[in-house]
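To start, the structure under review is shown below, and the notes come after it.
Order of the sequence lines sets the chain letters (A, B, ...), proteins ahead of strands, with each chain counted from 1.
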There are 4 protein chains.
Amino acid sequence: MRVNLEARAAAAEQRKAQTRERLLEAAVAMIGEKGPDACSIEDFVAAAGVSRGTFYNYFPTAESLLHAVRLKIVASLTAVLDARLPKTMPACERLATRLHSYQVTVSRDAAWGWMMLRLDGSRLERTPALEASLDEMFRAGVAQGHFRNMDPAAARTLIFGTSRMLQRDVLMGLSDPAHGIEVIALLLTACGLPHDQAMDVSRRGAALAQEIQDAADAS
Amino acid sequence: MRVNLEARAAAAEQRKAQTRERLLEAAVAMIGEKGPDACSIEDFVAAAGVSRGTFYNYFPTAESLLHAVRLKIVASLTAVLDARLPKTMPACERLATRLHSYQVTVSRDAAWGWMMLRLDGSRLERTPALEASLDEMFRAGVAQGHFRNMDPAAARTLIFGTSRMLQRDVLMGLSDPAHGIEVIALLLTACGLPHDQAMDVSRRGAALAQEIQDAADAS
Amino acid sequence: MRVNLEARAAAAEQRKAQTRERLLEAAVAMIGEKGPDACSIEDFVAAAGVSRGTFYNYFPTAESLLHAVRLKIVASLTAVLDARLPKTMPACERLATRLHSYQVTVSRDAAWGWMMLRLDGSRLERTPALEASLDEMFRAGVAQGHFRNMDPAAARTLIFGTSRMLQRDVLMGLSDPAHGIEVIALLLTACGLPHDQAMDVSRRGAALAQEIQDAADAS
Amino acid sequence: MRVNLEARAAAAEQRKAQTRERLLEAAVAMIGEKGPDACSIEDFVAAAGVSRGTFYNYFPTAESLLHAVRLKIVASLTAVLDARLPKTMPACERLATRLHSYQVTVSRDAAWGWMMLRLDGSRLERTPALEASLDEMFRAGVAQGHFRNMDPAAARTLIFGTSRMLQRDVLMGLSDPAHGIEVIALLLTACGLPHDQAMDVSRRGAALAQEIQDAADAS
DNA sequence: TATGAATGAGAGTTCATTCAT
DNA sequence: CATGAATGAACTCTCATTCAT
C-alpha cells in the first residue's frame with residue numbers, strides 16, 4: 001500500500017510538472033511571436049493545448065508566467081556555457097566567446113531569440129546574475145592587463161546595450177558573420193584591447209562558439 | 001463671397017491642424033504616463049478633449065498615431081540641434097555632442113524619455129533619418145582621420161544600442177554625469193579615437209549639450 | 001442652426017432615457033424571476049435587448065442598477081396613493097388602506113411583487129421614506145384615540161415584518177381575500193383597536209384599495 | 001475475521017458521518033460570514049479541510065448542503081427548548097418563551113443569526129416542522145381561552161413575519177431588550193390576550209429564555 | 001466634421017463538475 | 001472513498017469601431 005501511494009503521488013507530481021512545462025514552452029513560442037505585452041492568457045493555453053481554467057492552477061496572472069519563463073532561461077543560459085570553457089582562458093577571450101555564443105543561440109532559435117529580446121524590451125531589464133558574471137570577467141581582464149581600468153558600470157552599459165542591438169540585427173537578418181565579429185571586436189576595443197588584437201580575439205571567439213554549438217547539436 | 005469662402009476654408013484647415021496637434025500632444029503625455037501598450041484610444045481622446053469618433057477622422061488606428069508621434073519627435077530633435085552646432089565642428093565632437101544632448105533632454109523630461117524608450121521598445125526600431133545622419137557623421141570622422149575605417153553598420157549597432165542603454169540608466173536614476181561621459185567616451189574609443197582624447201571630446205560634448213539646453217530654457 | 005442643434009440634443013437625450021428605462025424595466029422583470037443575487041449583467045442586457053457594452057454606458061455595476069430600480073419604485077409608490085386618499089380619513093383607515101393597496105398592487109403584478117420581495121430580501125432593508133410615513137400615521141392614530149400609546153419602533157417591526165410575509169403569501173397563491181383582511185385586522189388589533197372594529201376597518205380598507213386600483217386601471 | 005470486518009465497516013461509517021458533519025459545520029460558518037449566495041463549494045471544502053471531489057460524495061449540489069444545514073438547525077433548535085419547558089406551561093407563555101429564546105440565541109451568535117436570516121432570505125421560506133409546532137401552540141392557546149379563535153394561517157403570517165423582522169433588528173443592533181419584549185407582547189395582543197397581560201407574559205418569557213440560555217452556557 | 005451612443009469581440013477570472021488514480 | 005488536476009461554461013468588464021444625427 002505504502003509504495004503504491006507514494007508511486008501514485010510521484011506520478012501525479014510528474015504530470016503536474018509536465019503541464020507546467022508545456023505552459024512555459026508555449027509561452028516562449030508566443031512571446032517570440034507577438035511580444036510579451038500582446039500575449040493573452042488565451043494565447044498561452046491555446047499554444048499549450050490546455051484549457052483556460054488549467055492556466056490558473058499554475059500561474060495567478062500572465063505576468064507571473066512571464067516571470068517564471070525568465071527565471072528558467074537565465075538559469076539554463078549561464079550553466080551551459082561555463083561548463084564548456086577552460087578555466088585558464090583569458091577574460092577577453094571568455095567574454096568574446098560568451099557574446100558570440102549568445103548570438104549563435106539566437107540565430108539557431110529565432111523564436112527564442114525574439115522572446116529574449118522582447119521579454120524585457122519595454123524596460124530594458126538586466127538580469128543581476130548576468131551583470132555579476134560580466135563584472136567578474138571585466139575585473140579579470142583588467143588584472144590580466146588586457147582591459148583598461150575604468151568604471152565597470154560604463155562597460156556594462158556598453159556591452160549590454162550593444163549586445164542587445166546586435167541580437168536584433170541577427171534576428172532581422174541584417175547581420176552576416178563578419179558584422180557580428182566586427183561589432184564584438186569594437187566592444188573589446190572600447191574596453192582597451194588594440195583593435196587588431198580585438199579582431200583576432202573576436203574571430204577566435206566566434207569560431208569557438210560555433211564549435212561548442214555544433215558539439216551540443218551532435219550530442 | 002469668394003473671400004468669405006476662402007477665409008472659411010482656411011479657418012477650417014487651421015481647426016483641423018489644431019485638432020491633430022492636440023491629439024499628438026495628448027499622445028505624448030499619455031504614452032509617457034502609461035506606456036504605449038497600455039494606452040487606449042479612449043485615453044488619447046479624453047486627454048485631447050475631443051470625442052471618440054473624431055479620432056478616426058485623423059488616424060485610422062492607434063498604431064498610426066504612435067507612428068506620427070515618432071516622426072514628429074525625430075524631426076524636431078535633429079532640427080533643433082543642427083541649427084545650433086557650427087558646421088565646422090569635427091565629426092567626433094558633433095557626434096559626442098549629439099549623444100549627450102539626447103541624454104540631457106531625457107533627464108530634463110523623464111516622461112518624454114520613457115515614452116521614447118518604450119515607443120519602439122520591443123522592436124528596437126531605428127529611425128532611418130537618424131541612421132542616415134549618423135552614417136554621415138561617421139564618414140566625415142573617417143575622412144577627418146579621427147575614426148578608424150570600418151563598416152558603418154557595426155558602428156550603428158554599437159552606437160544605437162549603447163545610447164539606448166545609457167538612456168535607460170539615466171531614466172532609472174543610475175547614472176551620474178561621469179557615467180554618461182565615460183560611456184560616450186567608450187563609443188568614441190571604439191570608433192578609433194585614443195581613449196584620453198575620447199574622454200576630452202566626451203567632456204566637451206557634455207558641456208556643450210548642457211549649454212545648448214540652458215540657452216533653450218532661457219529663451 | 002441653433003434650433004436644429006437643440007432639437008438634436010433633445011432627441012439624443014430622449015433616446016438615452018429610453019435605453020435607460022428599458023434597462024430598468026428589464027431589471028424589474030429579471031429580479032422578480034431569479035432574485036437580485038442571481039441576476040447577471042448578461043441577464044439584464046438580454047432582457048432589455050441591448051448589447052453587453054451598452055449596459056456600462058448607463059450603470060457601472062449590476063449593484064448600481066439595482067439601486068436605481070429601488071429609487072424609482074419608492075418614489076412612485078407613495079405618491080400615487082397619497083393623492084387618492086382624503087386628508088380627513090382616520091389614521092387607522094389610512095393605514096389599512098395603504099397596506100391593502102400594496103397587496104393589491106402585488107397581486108396585479110406578480111413579477112413586480114417578487115422583485116420587491118427579493119430586492120431587499122437578504123437584508124430586510126426598510127426604506128426610510130416609508131418608515132417616516134408609517135410613523136406619522138401611527139402618531140396620528142394615537143392622537144385620534146384609536147391606537148395604544150407605545151413605542152413606534154415596535155409598531156414598525158410588527159407592521160413591516162407582517163406586511164412582507166403577507167406579500168409572500170399572496171405571491172405564493174396561499175392567500176384568499178379573507179386571509180389578507182384578517183392579517184391586517186390583526187395588525188390593527190395589536191395597535192390597540194378592538195378586534196371587531198379592526199375587522200370592519202380592514203374590510204373597508206380592502207374594498208377601498210380595490211376601488212382605487214380599478215379606477216387607476218380604467219383611466 | 002468476521003469481527004474485524006464488522007469493526008472496519010463501523011469505523012468507515014463513523015468516518016463518513018464525521019466528514020459529513022465537518023461539511024455541515026463549515027457551511028454554517030461560511031454562510032454566516034459571506035451569506036449563502038456568495039459561498040462557493042470551494043469555500044465549503046476549504047473550510048472543512050476536505051478535497052473538492054469529496055464534496056460530491058455527500059451532496060450533489062451546494063443547494064442540497066444548504067438544505068441539510070437548515071434541517072439540522074431546526075431540529076436542534078426545537079429539541080433543546082422543548083426539553084426545558086414544563087409540559088404544563090400555558091401555550092401563550094410557551095409561545096412567548098420560544099420567540100424570546102430564538103432572539104437570545106441570535107444575539108449570542110450573530111454569525112449564526114445572519115446565516116438563518118439569509119438562508120431563506122429572498123424566499124421567506126418557512127420550515128414545515130416549525131409551522132406545525134406553532135399551529136399546535138396556537139390551538140392549545142385557543143382551547144385554554146387565552147387566544148381568540150381565528151384562522152391559524154393569519155396567526156402564522158403575523159408571527160413568522162414579525163419574528164424575522166425582530167431578528168433583523170437584533171442583528172443590526174437596533175433592538176434593546178425592551179423593544180423585543182414589546183414586539184412579542186404585540187403579537188400576543190393580536191392573538192387575543194389583553195395588552196397588559198401580554199406585556200407580563202412577554203416579560204416572563206424573556207426572563208425564562210435568558211435563564212435557559214445561561215444554564216446552557218454554564219453546563 | 002464632430003459627436004457620442006451602441007455595438008460585440010475578446011480579455012481576465014471564477015467555479016461547479018468530472019474523472020483517473 | 002478521497003483526491004485534486006483538468007475542464008469549459010459563465011461572468012464581469014474593456015475597448016476599438018461604427019453610424020445616425
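- Here Ile73(C) contributes atom CD1 and Met115(C) contributes atom CE; the two are 3.0 Å apart, rounded to the nearest 0.5 Å.
- Closest-nucleotide positions on DNA chain F for Cys39(B) and Thr61(C) were compared, and the one nearer the 5' end corresponds to Thr61(C).
- Nucleotide dG4(E) holds its P atom 18 Å from the CD atom of Gln14(C), rounded to whole Å.
- Residue Cys39(A) holds its SG atom at 9.0 Å from CG of Leu65(A), rounded to the nearest 0.5 Å.
- For Ile41(B), the listed nucleotide lying nearest its side chain is dT17(F); candidates were dG8(F), dT17(E), dT17(F).
- Here Tyr58(A) lies in heavy-atom contact (under 4.0 Å) with sugar-phosphate atoms only.
- When Watson-Crick and G-U wobble pairs are counted only if both distances are under 3.5 Å, dT21(E) pairs with dA2(F).
- Ionic pairing of Lys16(A) and Glu21(A) is not present here: no N-O contact between side-chain nitrogen and carboxylate oxygen is shorter than 4.0 angstrom.
- Remark: the Ser40(A) side chain and the Asp43(A) side chain contain an N/O donor-acceptor pair separated by less than 3.5 Å.
- Close to dC15(F), at under 4.0 Å from its OP1 or OP2, lies no side-chain N or O of Tyr56(C).
- For Asn57(B), a side-chain nitrogen or oxygen approaches OP1 or OP2 of dA2(E) to under 4.0 Å.
- A close approach under 4.0 Å does occur between a side-chain nitrogen or oxygen of Thr19(A) and OP1 or OP2 of dA6(F).
- Comparing dT21(F), dG8(F), dT3(E) by their closest approach to the side chain of Arg15(C) singles out dT21(F).
- Asp37(A) has its CG atom 14 Å from the P atom of dA11(E), to the nearest Å.
- For Asp43(B) and Gly53(A), each mapped to the nucleotide of DNA chain F holding its nearest heavy atom, the one lying further toward the 5' end belongs to Gly53(A).
- Listed nucleotides: dA6(F), dA6(E), dT3(F). Nearest to the side chain of Arg52(D): dA6(F).
- As a whole-Å value, the separation of Leu65(D) CG from dT17(E) P is 12 Å.
- Contact annotation: the side chain of Thr19(A) approaches that of Thr54(A) to within less than 4.5 Å [non-hydrogen atoms, C-beta and beyond].
- Considering only side-chain atoms of Ser51(C), the nucleotide from dT3(E), dT7(E), dC1(F) that sits closest is dT7(E).
- A straight line from CZ of Phe44(B) to P of dT14(F) spans 18 Å, rounded to a whole angstrom.
- What you find for Trp114(A) and Gly32(A) is that their closest heavy atoms are CB-O, 3.4 Å.
- Rounded to whole angstrom, the span from the CD atom of Glu42(D) across to the C1' atom of dT3(F) amounts to 13 Å.
- One finds a side-chain N or O of Thr54(D) lying less than 4.0 angstrom from the OP1 or OP2 phosphate oxygen of dT3(F).
- If you check dA6(F), dA6(E), dG12(E) against the side chain of Ser40(A), the one that comes closest is dG12(E).
- dA5(F) atom P lies 19 Å from atom CZ of Phe55(D), rounded to whole Å.
- What separates CD of Glu13(C) from P of dT3(E) is a distance of 16 Å, to the nearest Å.
- If you measure from atom NZ of Lys34(A) to atom P of dA11(E), you get 7 Å, rounded to the nearest angstrom.
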